[in-house]
Trainee: 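I'd like to ask you about the structure that follows.
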Amino acid sequence: MQSSAIAWEQVSKHYAGTTAVDDVTLSIAPGSFVALVGASGSGKSTLLKMVNRLVEPSAGRVTIDGADVAAGPAPALRRRIGYVFQNIGLFPHLSVAENIAIGPRLASDPPADVGGLLERVELPRALATRMPAELSGGQRQRVGLARALAPGAKLLLLDEAFGALDPVTRDALGQRLRGLHDELGLTTVLVTHDMAEALLLATRVVVMAAGRVVADETPAALLHGAGGPEAQALVGVPRAQAERLAGMTV
Amino acid sequence: MSGFLDALTRVPLLLAAHVLLAISALALAVLIATPLAIWSARNPRVARVALGFASLVQTIPSLALLALFFPLLLSLSALVGGGIPALGFLPSLLALTLYALLPLLRNGVAGINGIDPAVIEAADAVGMTPAQKLRLVEAPLAAPVAIAGLRTAAVWTIGAATLSTTVGQPSLGDLIFAGLQTQSWSLVLAGCFAAALLALAVDAGVGLVERGIATRRQGLWIGALVALAMGLAAATAPLWPRGDDRRTVVVGAKNFAEQYILARLIGERLEHAGYRVEYRDGLGSAVIFGAVAQGAIDVYVDYAGTIWTNEMHRDDVPDRAAMLRAIGEWSATTHGVRLLASLGFENAYAFAMKEGDARAKGIATLADLAAQSPSLRLGSDLEFLERPEWAAVKRAYPFRFAATTPYSPTFMYQALASDRVDAITAFSSDGRIAAEKLRVLTDPKHAIPGYDAIMLVAPDRAKDDRFLTALRPLAGRIDVAAMREANLQVDREADKRTPDQAARWLATKIGL
């Protein structure tokens with residue numbers, strides 16, 4: 001049996017009065033690009049954050065390459081995992097180069113190749129000396145992505161990473177992400193509420209509702225009607241939009 | 001103007017003590033507030049308790065906070081078997097430290113809590129340990145706000161440090177308090193200017209550090225920090241050890257002209273005897289006996305009746321000689337304090353009225369005053385109404401004044417002169433009684449005890465022959481007329497003398 005890059009084993013997360021994640025078991029194969037899709041409050045972000053222990057599960061366990069993530073100290077675990085989120089969180093008092101290099105610096109590894117990483121996310125090398133406040137939103141998120149890749153992580157987690165970007169930047173950055181996923185042989189988990197983004201980028205789409213997995217299909221299968229009513233409701237939105245747009249050109 | 005220049009010559013030494021005190025208090029407050037602010041930022045319950053306490057401290061008037069440390073440290077010292085000084089640097093340091101906590105804590109917590117949550121999430125997500133997060137993210141981002149708190153604390157502390165004079169710690173407040181008592185505005189101005197300039201300079205220096213950090217200009221904030229540190233170190237230069245191995249003695253004084261003059265008179269004799277002399281002016285009656293008993297001061301002049309009523313808690317009034325004997329025995333056996341000698345004059349509480357007014361109302365005795373008291377207003381010095389003597393006098397004479405108002409002594413005389421009050425509790429050795437043609441009312445029931453001026457010597461000096469020999473010639477030497485004249489030289493409005501000058505005049509006058 002091929003070992004999973006990530007496996008959730010009967011995990012739940014309860015907050016006072018509510019259940020964010022309800023007994024989810026799911027595994028992700030190495031090298032796959034999985035989109036976790038669902039409405040707000042469906043538990044997809046909570047499920048993602050259990051992987052790098054920004055959230056600790058109330059029950060069950062999470063493994064990476066078969067090893068329990070809770071086994072060692074959280075900082076050491078997180079240094080092996082790239083994490084990009086909507087609000088980016090660049091350190092405002094550090095330059096672009098210092099932001100990107102922070103992971104290897106924390107781990108006392110050899111310094112990051114900042115220029116090379118900037119090129120990977122399609123930013124000019126000259127940006128290295130700038131401060132985050134001088135960058136546009138899209139540039140900042142690219143720096144965030146470069147920072148996540150800097151420690152040589154093979155596992156990349158993205159939590160609504162493109163949610164705050166304009167559609168053009170968003171599309172470009174999505175494609176660059178997919179390119180990086182393929183070039184670097186990453187295992188990528190992308191949390192998004194946008195089914196179109198999931199269908200276009202991912203190799204596998206997991207749909208969540210009310211803390212449970214309600215569909216787990218390939219994009220092609222979803223487009224052919226698989227996955228049940230909740231998944232199809234989400235697929236229906238971009239499809240209807242596309243049909244309306246197609247109709248307007250006539 | 002020459003008075004102002006004279007006053008300025010006293011500034012360097014006091015400024016040095018002031019800087020040392022304020023900076024020590026600030027440093028201690030930063031040491032306490034920094035971990036507390038970090039803890040508070042992580043734990044709202046701790047924040048409530050810490051900020052609540054600091055706010056509570058802030059509501060206590062700083063003068064009272066300083067004074068409260070005296071009994072506190074005194075009982076603490078008694079508890080551990082002595083050795084904790086209750087006056088001077090320690091109580092001042094503790095009070096000012098507590099006072100500086102609030103702005104440091106509040107801004108520290110605000111600085112940390114004000115950091116964008118996304119930045120904190122990113123710090124966790126890139127794998128920072130809590131210590132790395134604090135050092136690399138929270139500290140640099142909270143620093144500008146926290147340093148703004150340090151600026152506030154620095155200005156407050158430098159200002160409040162002037163009040164430490166009242167607990168026997170030399171500071172720029174020495175000039176202000178002495179100036180207020182003797183109406184030497186040049187002294188007040190010199191003290192205020194020096195304190196204000198110090199506060200402005202430190203504020204500007206820390207402000208530069210703050211700006212340097214906020215705008216991430218390392219050269220600016222490090223440069224400002226170095227300049228600030230060097231400036232403050234230079235300001236304390238007068239306190240650096242000079243290899244002067246003469247023994248230092250401290251002469252204490254309460255807060256009025258006669259005390260300043262007598263302290264200088266005593267100090268000058270001790271200097272002639274080879275001692276290095278420091279002065280602690282402006283001590284309250286309540287703390288000064290404790291100061292000599294603890295050895296915080298080596299010698300001072302008190303008044304028999306004050307010790308009798310305030311320290312020994314006696315309310316009988318024996319004759320003056322018996323009272324002196326009893327005081328000498330009591331102070332030696334209970335505190336090891338030596339009553340070296342009485343100086344020869346008395347400074348008793350003396351109820352006084354304007355001569356014309358007293359004649360018109362037919363008041364000559366305290367009994368007469370009591371009879372008409374419901375239509376009269378009494379002005380007193382700051383402490384008289386709280387003293388046991390006042391209670392004793394009220395037992396003997398049924399006073400029911402329409403109003404009683406405490407003033408600092410100088411203003412008490414002015415209140416009488418400008419008819420804001422009808423009678424005052426003057427001092428019998430005060431030159432202004434004669435100068436302002438006041439009538440001193442007699443005390444037919446002998447309710448007011450004797451107030452012979454006496455020199456009290458700390459236990460450590462009680463057997464120091466050189467010390468005692470230097471002071472013995474003062475015994476019985478100063479008559480009340482000479483003392484009044486010397487007091488008037490300092491207290492009067494025109495042709496004012498400094499206490500130093502008046503002390504030298506007095507020394508010549510009594511033939512020393």
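Everything numeric in this text was worked out from a predicted model, so none of it was measured. Here is the naming used below: chain letters follow the sequence lines, and residue numbers restart at 1 for every chain.
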Trainee: Would you mind telling me which of Ala123(B), Pro130(B), Ala122(B), Pro140(B) has the largest number of heavy-atom pairs within less than 4.5 Å of chain A?
Mentor: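 If we count pairs closer than 4.5 Å to chain A, Ala122(B) comes out on top.
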Trainee: For Gly127(B), does its backbone N or O pair with a side-chain atom of Arg79(A) as donor and acceptor, under 3.5 Å?
Mentor: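 Yes, because the side chain of Arg79(A) sits within donor-acceptor range (under 3.5 Å) of the backbone of Gly127(B).
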Trainee: Less than 4.5 Å apart, side chain to side chain, heavy atoms only: is that true for Val126(B) and Phe91(A)?
Mentor: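 Sidechains of Phe91(A) and Val126(B): in contact.
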Trainee: Is there a side chain to side chain contact (heavy atoms under 4.5 Å, CB included) between Leu136(B) and Arg105(A)? Walk through the geometry before answering.
Mentor: CA-CA 11 Å; Leu136(B) 298 172; Arg105(A) 177 179 163 196; 3.2 Å; yes
Trainee: If I measure from the heavy atoms of chain B, does Leu77(A) come under 4.5 Å with its side chain, its backbone, both, or neither?
Mentor: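 For Leu77(A), there is no contact with chain B at all, as no heavy atom is under 4.5 Å.
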Trainee: So, do Thr129(B) and Leu106(A) sit near enough that their side-chain heavy atoms are less than 4.5 Å apart?
Mentor: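 Of all side-chain heavy-atom pairs linking Leu106(A) with Thr129(B), none is under 4.5 Å.
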Trainee: Heavy-atom cut-off 4.5 Å, strictly under: side chain, backbone, both or neither for Arg80(A) against chain B?
Mentor: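 Contact with chain B is absent: no heavy atom of Arg80(A) under 4.5 Å.
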Trainee: Just so I understand: if I count every heavy-atom pair under 4.5 Å between each of Ala153(A), Pro92(A), Ala76(A) and chain B, which residue has the most?
Mentor: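 Option with the top pair count is Pro92(A).
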Trainee: Check whether more than 12 heavy atoms from other residues, nucleotides or ligands sit under 6.0 Å from atom CD of Glu183(A), and answer yes or no.
Mentor: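 More than 12 heavy atoms, drawn from other residues, nucleotides or ligands, come within 6.0 Å of this atom.
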Trainee: Could you tell me whether Arg178(A) atom CZ has more than 12 heavy atoms of other residues or ligands within 6.0 Å of it?
Mentor: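 It does: Arg178(A) CZ has more than 12 such atoms within range.
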Trainee: Within the side chain of His93(A), is there an N or O that forms a donor-acceptor pair under 3.5 Å with the backbone of Ile213(B)?
Mentor: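 It does not hold such a pair.
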Trainee: So what's closer than 4.5 Å to chain B heavy atoms on Leu94(A): side chain, backbone, both or neither?
Mentor: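 Neither part, no heavy atoms under 4.5 Å.
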Trainee: Go through Asp116(B), Val119(B), Ile115(B) and name the one with the most non-hydrogen pairs under 4.5 angstrom from chain A.
Mentor: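 Counting heavy-atom pairs under 4.5 Å, the top option is Val119(B).
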Trainee: Taking C-beta and beyond as the side chain, do Ile102(A) and Met128(B) meet within less than 4.5 Å on heavy atoms?
Mentor: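 Touching, per the 4.5 Å side-chain cut-off.
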Trainee: If I compare all heavy atoms of Ala118(B) with all of Asn87(A), which pair ends up nearest, and what's the gap?
Mentor: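 Scanning both residues completely, I find the closest heavy atoms to be CB-CB, 3.5 Å.
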Trainee: Can you check whether Glu121(B) reaches Lys49(A) side chain to side chain, under 4.5 Å on heavy atoms?
Mentor: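 The answer is yes; the side chains approach within 4.5 Å.
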